[in-house]
Amino acid sequence: MAPLFFLADCNNFYVSCERVFNPSLEGRPVVVLSNNDGCVVARSEEVKALGIPMGAPVFKYRSLLKRHRVRIFSSNYTLYGDMSRRVMSILSRFTPDMEIYSIDEAFLSFPASVPSAPETLAKKMRETVWQWTGIPVSIGIAPTKTLAKAANRIAKSEPEHGGVFALIDPAGTDAWLERIRAGDVWGIGRRREALLKRHGIYTARQLKTVQDDWARRRLSITGLRTVWELRGVSCIPLEEAPPPRKGIISSRTFDRCVERLEALEEAVALYVTRAAEKLRQHHLLAACLQVFLATSPYRDGPRYVNSLTIPLPAPTAYTPFLVTSARRGLREIFRSGYPYKKAGVALLELTSERMRQVSLFPPDSRRDPARDDRLMKAMDAVNVRYGRDTLRVASSGITRPWRSHPSRLSPRYTTRWRDLPVVV
DNA sequence: TCTGGGGTCCTAGGACCC
DNA sequence: TCTGGGGTCCTAGGACCC
């Protein structure tokens with residue numbers, strides 16, 4: 001008997017996090033915005049009903065948001081990350097076989113023999129998460145991950161099922177797949193949906209019956225897997241241990257255009273600082289650094305997009321060296337006279353710091369890497385204790401006029417003492 | 001004039017996910 | 001005026017090898 005996949009997915013996760021600590025938001029329209037307060041990235045049901053799509057640019061919907069008195073929040077990733085950890089740790093009590101798929105979703109697998117009534121088990125999971133965190137979760141159950149995703153969609157869209165839905169019996173599954181658009185299937189994005197439409201394929205049910213060689217040719221190997229998974233053949237296994245990370249990116253859109261090289265250099269130095277912090281947090285070293293900059297893809301006028309990949313002489317996590325390399329790279333690709341809207345860096349070719357490759361020809365034999373490590377440890381420790389950027393490289397700027405400031409941030413209720421909610 | 005076959009590796013770009 | 005950020009994987013094409 002094949003195992004069953006459960007997909008537990010938090011409903012409107014960011015909005016739900018805000019509501020846990022601010023019950024006055026219950027039953028009212030709420031959105032959470034992207035990094036620059038530019039786009040809508042989470043919507044309450046009331047907002048979905050207004051027809052505001054995911055990713056909607058705020059400025060285009062300003063009047064609609066205002067008219068319906070939508071409560072607007074900047075994204076508070078510190079809060080969402082902490083709430084996510086709580087939800088995941090509760091889910092993990094139900095099975096050791098769990099894959100955390102994203103900040104608000106986890107796949108869990110059970111041998112088909114174990115849950116005699118999978119829906120009952122799922123309802124128990126749901127109730128526990130709700131009771132212990134206040135976050136509503138929906139759960140889809142099926143013999144493949146792709147079908148579990150589809151089942152989850154049904155659980156969410158049809159509340160009469162109590163937030164849990166199973167697609168287990170193959171005969172019944174087809175009738176449900178008939179009602180799901182092909183573009184809503186996990187793994188079918190905009191481009192593939194358009195291609196499918198051109199071939200008369202509109203529903204998940206139709207997608208399931210395409211010829212294998214056609215799917216392989218037109219949708220690539222990943223698309224063929226999707227088709228098989230819709231048929232109930234599991235092709236995408238549970239990944240319990242997260243695969244090693246391939247890269248760390250840090251980038252930001254500016255809230256207005258930046259033309260000066262000096263400002264871009266500051267921004268890039270800051271992004272490198274953030275990426276290097278993450279690198280050390282994961283006990284990794286980078287052997288390669290990429291720096292990129294771009295004008296706005298939305299504006300008319302001259303466009304310029306470029307990037308440069310710089311191999312580093314030896315794998316490192318030493319911020320000052322990474323900053324110097326990135327700034328040098330930036331100066332190479334910078335062209336004056338363009339209104340830049342975005343810049344960023346990526347750290348690539350990551351290796352474990354325990355496997356440090358010693359160079360036969362160190363770039364600077366007078367430098368002692370052990371000393372650099374100690375300096376970074378000290379800097380990280382100070383910044384953890386006294387707050388981010390207490391110690392930083394001067395090249396990342398002092399006033400940082402190019403930086404955007406989210407204006408509708410909620411308190412960090414669960415991770416900062418002075419933001420702790422008070423019950424009166 | 002006529003110019004092989006088989007293989008690996010790297011990169012850029014595309015597509016997808018949340 | 002104002003449009004997110006951080007990831008992964010796949011494919012095609014070019015460079016290179018013998």
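Naming: A, B, ... by sequence-line order, numbering from 1 per chain.
Counting non-hydrogen atoms under 4.0 angstrom, Ile103(A) reaches nothing in the nucleic acid. Note on Ser250(A): only backbone sugar-phosphate atoms sit closer than 4.0 angstrom, heavy atoms only; bases stay farther off. At the heavy-atom level, Asp37(A) lies nowhere under 4.0 Å from the strands shown. Here Val185(A) lies in heavy-atom contact (under 4.0 Å) with sugar-phosphate atoms only. If you check every strand for non-hydrogen atoms under 4.0 Å, Arg256(A) touches nothing.
Taking atom CG on Leu350(A) and atom P on dG7(C), their separation rounds to 9 Å, with Å as the unit. Leu409(A) has its CG atom 15 Å from the C1' atom of dG4(C), to the nearest Å. For the pair Ile248(A) CD1 and dT8(C) P, the computed distance is 10 Å after rounding to whole Å. Summarising the geometry, the separation between CG on Leu348(A) and P on dC9(C) is reported as 14 Å, rounded to the nearest angstrom. In this structure, Arg225(A) places its CZ atom 16 Å from P of dT8(C), rounding to the nearest Å. Atoms CZ (Phe107(A)) and P (dC17(B)) sit 12 Å apart, rounded to a whole Å. Summarising the geometry, the separation between CD1 on Ile333(A) and P on dA12(B) is reported as 12 Å, rounded to the nearest angstrom. The nearest whole Å value for the distance from the CZ atom in Arg43(A) to the C1' atom in dG4(C) is 15 Å.
In this structure, Tyr298(A) packs face-to-face on the six-membered ring of dT3(C), meeting both the 5.5 Å centre cutoff and the 30° plane limit.
You'll find the side chain of Val345(A) stays beyond 4.5 Å of the side chain of Gln290(A), heavy atoms only. In this structure the side chain of Leu79(A) reaches within 4.5 angstrom of the side chain of Phe21(A), judged on heavy atoms. Residues Val268(A) and Glu266(A) form no side-chain contact, since every pair of their non-hydrogen atoms from C-beta on lies 4.5 Å or further apart.
Residues Arg260(A) and Glu265(A) are not paired through a salt bridge, judged by the lack of any N-O separation under 4.0 Å between the basic side chain and the carboxylate. Between Arg179(A) and Glu158(A) there is a salt bridge, with a side-chain nitrogen of the basic residue lying less than 4.0 Å from a carboxylate oxygen of the acidic one.
Between Lys149(A) and dC18(B) there is a side-chain polar atom (N or O) within less than 4.0 angstrom of OP1 or OP2. The phosphate of dG5(C) (OP1 or OP2) has a side-chain N or O of Thr253(A) nearer than 4.0 angstrom. Side-chain nitrogen and oxygen atoms of Lys342(A) include at least one within less than 4.0 Å of the OP1 or OP2 phosphate oxygen of dG5(C). One finds a side-chain N or O of Arg252(A) lying less than 4.0 angstrom from the OP1 or OP2 phosphate oxygen of dG5(C).
Judged by distance alone, the side chains of Asn11(A) and Ser138(A) do bring a donor and an acceptor atom under 3.5 Å apart.
The Thr222(A) side chain lies nearest to dC10(C) when the options are dG4(C), dC18(B), dC10(C). You'll find that the side chain of Arg191(A) is closest to dC16(B), out of dT3(C), dC16(B), dC17(B). Considering only side-chain atoms of Arg216(A), the nucleotide from dC2(C), dG4(C), dT11(C) that sits closest is dT11(C). With dG6(C), dG5(C), dG4(C) as the candidates, the nucleotide lying closest to the side chain of Lys278(A) is dG6(C). Taking the side chain of Ser102(A) as heavy atoms from C-beta on, and the options dC18(B), dC2(C), dG4(C), the nearest nucleotide is dC18(B). In this structure, of dC18(B), dC2(C), dT11(C), it is dT11(C) that holds the atom nearest to the side chain of Ile221(A).
When each of Lys48(A), Arg43(A), Glu18(A) is paired with Asn12(A), the side chain to side chain donor-acceptor pair (under 3.5 Å) condition holds for Lys48(A) and for no other.
Tyr271(A) and Trp402(A) have perpendicular rings, their planes meeting at more than 60° on a 0 to 90° scale where under 30° would count as parallel. Using bins of under 30°, 30° to 60° and over 60° for the plane-to-plane angle, the ring pair Trp186(A)/Phe107(A) lands in the tilted bin.
You'll find the ring centres of Tyr14(A) and Tyr77(A) inside the 6.0 Å limit.
Annotation: proximity of residues 233-247 of chain A to DNA chain C (heavy atom, distance under 4.0 Å) is found for Arg245(A), Lys246(A), Gly247(A), numbered in ascending order.
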field: Strand DNA chain B as a dot-bracket string - pairs counted if Watson-Crick or G-U with both distances under 3.5 Å, | where the partner lies in another strand
entry: ....||||||||||||||

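Closest heavy-atom contact between Tyr61(A) and Ala56(A): CE1-CB, 3.4 Å.
Rounded to the nearest Å, the gap between the P atom of dC18(C) and that of dT3(B) is 24 Å.
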